[in-house]
Amino acid sequence: MDDTEYGLFVDWDKMETGGQELSPKVLNCTDFQELKQLSRQGYWAKSHSLRAKVYQKLIKEIPCRTVTPDSSVYRDIVGKLVGKRNASTLPLPEFVDDRQVPSYCLNSEGIGAVRKILLCISNQFPDISFCPVLPSLVALLLHYSQDEAECFESVSRILACNDPNRRLVDQTFLAFESSCMTFGDLAGKYCQGPHKLMVAVSEDVLEVYSDWQRWLFGDLPFTYVARLFDVFLVEGYKVLYRVALALLKFFHKVRGGQPMESNNVKEDLQTFVRDIGKSVTPEKLLEKAFAIRLFSRKEIHLLHMANEKALQQKGITVKQKRVKSPARQNVHLAVHAENFKSEIVSVKEMRDIWSWIPERFALCQPLLLYTNQEHGNSLSR
């Protein structure tokens, strides 16, 4: 174990750490390309204290709104908000979608601290309406924070980023949904083999892809998500798509020729990501992610904006509360079994066809323009 200055909330028995003393040159690095190379190589992954200091440096450099809550705000409000309640039983904010809070390598004090910080973030960021990755983000950063207040300030700066060219965290249902649609578009274009498998084994492939952020922030083991976060802080949102697509590729490679363990491919994918250490190292995962060529930040931005516009036109801007219902169930599925009729293709075949259409168009209900039964066989008509 190396420097415990940042280890207040860490259960060191669970933590993999080499305890190596590395050169802190990265703390003075201002060249983006060099910083990108160091993050991809996992330069600070072997030293807990160095990684903590790098995180603090990178997060403090994020351009933020003028009034962004800091550590002093946390110290002022936490006592009033938490009161005498047990931290481990504090309710989660509505915007986290009732997901289980990942504990990673946190000790019992850290697990309770995550809920306290989330409660304070909810108080200071009333404009957040949907942010299911936030518990994972708080839990991860708490490993590398000196205290709760420092972690609160770090998360606040990520949430308050006001650089129009730098997307970090989706904070509304509209942004989250358009991200899921964008991932579906990218999977269909750049992961055609895995996408075909998803289409073949799932009733609604869009519902499967709605979990793509959960694979990264929730299902990935701590060592992997920390390596992902190293690069994310340097390169931004695009890295998340790359790593999620790499997970899809590895799932296809490792499991594609085997029968699914359950009738639910979402569960199979979740299990694969949680147990990824059995088949893929963090280095191999990142290597695969950055080997995916062609798609650019501009392409992602344009897809995201087009998908967001399509959702707004359909009136899908807020999460509908349903009992025991996935976030995206029936949101996009325009082809419904009860009102689809064809003598040529089945409902499943039509859904398969629909899965290859760009998601912003897949929102639309298909309209029958021609059938020879009604319109005859004459081309002139």
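Just so it is clear, the model here is predicted, and its values are computed rather than measured.
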* side-chain contact (heavy atoms from CB on, under 4.5 Å) assessment of D268 paired with V201 -> CA-CA 11 Å; D268 283 344; V201 300; over 6 Å; no

Within one Ile-Leu-Val-Met-Phe-Trp-Tyr cluster: [X] and [Y], side-chain cutoff 4.5 Å:
X    : Y    : answer
L302 : L311 : no
I158 : V67  : no
M305 : L168 : no

Can you give me the closest heavy-atom contact between [X] and [Y], atom names plus distance?
X    : Y    : answer
T68  : C64  : OG1-CB, 3.5 Å
Y104 : A139 : CD1-CB, 3.9 Å
G184 : Y209 : CA-CD1, 3.6 Å
C120 : I77  : CB-CD1, 3.8 Å
A175 : H304 : O-NE2, 3.4 Å
F125 : S156 : CE1-OG, 3.6 Å

Hey, what do you get for [atom1] ([X]) to [atom2] ([Y]), rounding to the nearest 0.5 Å?
X    : Y    : atom1 : atom2 : result
Q213 : W215 : CD    : CH2   : 11.0 Å
C151 : I117 : SG    : CD1   : 4.0 Å
Y190 : D185 : OH    : CG    : 10.5 Å
N107 : L8   : CG    : CG    : 7.0 Å
Y144 : Q146 : OH    : CD    : 14.5 Å
R167 : L240 : CZ    : CG    : 9.0 Å

* side chain to side chain contact (heavy atoms under 4.5 Å, CB included) partners of Q270, counting only residues at least two apart ->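 Testing Q270 for side chain to side chain contact (heavy atoms under 4.5 Å, CB included), a comparison that skips the adjacent residues, returns R214, D219, R274.
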
For [Y], does its backbone N or O pair with a side-chain atom of [X] as donor and acceptor, under 3.5 Å?
X    : Y    : value
H195 : L248 : no
R115 : A87  : no
D70  : V73  : yes
S296 : E299 : yes
S103 : L106 : no
R85  : L90  : no
D275 : K278 : no
Q171 : D127 : no
S122 : L118 : no

With heavy-atom distances below 4.5 Å as the criterion, would you say the side chains of [X] and [Y] are in contact?
X    : Y    : answer
S279 : K253 : no
Q56  : E150 : yes
R166 : P63  : yes
F95  : S129 : no
P194 : F251 : no
F222 : L140 : yes
F130 : E177 : no
H143 : C105 : yes

* Does the side-chain contact (heavy atoms from CB on, under 4.5 Å) test come out yes or no for Y224 and L216, once each step is laid out? -> CA-CA 9 Å; Y224 292 74; L216 306 177; over 6 Å; no

* Asked: Do K284 and I276 pass the side-chain contact (heavy atoms from CB on, under 4.5 Å) test, and can you show the C-alpha distance, the side-chain angles, and the key distance before you say yes or no?
  -> CA-CA 11 Å; K284 286 292 183 185; I276 194 169; over 6 Å; no

* To do: May I ask you to check if K288 and F250 form a cation-pi contact, with NZ or CZ under 6.0 angstrom from the six-membered ring centre and within 45° of the axis?
  =>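 Verdict for F250: a cation-pi partner in K288.
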
* **SB check R242 E235 (cutoff 4.0 Å)** =>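 Looking at R242 and E235, the cut-off is not met.
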
Side-chain donor-acceptor pairs of residues 225-234 under 3.5 Å, sequence neighbours excluded:
| from | atom 1 | to | atom 2 | distance (Å) |
| --- | --- | --- | --- | --- |
| R227 | NH1 | E283 | OE2 | 2.9 |
| R227 | NH2 | R40 | O | 3.1 |
| D230 | OD1 | W44 | NE1 | 3.1 |
| D230 | OD1 | R51 | NE | 3.1 |
| D230 | OD1 | Y55 | OH | 2.6 |
| D230 | OD2 | R51 | NH2 | 2.8 |

* To do: Indicate whether any N or O donor in one side chain lies under 3.5 Å from an N or O acceptor in the other, for Y237 and S179.
  =>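 Yes, a side-chain donor-acceptor pair sits under 3.5 Å.
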
* Is there a donor in the side chain of E153 and an acceptor in the side chain of Y74, or the other way round, less than 3.5 Å apart? ->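 Absent: no donor and acceptor within the cut-off.
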
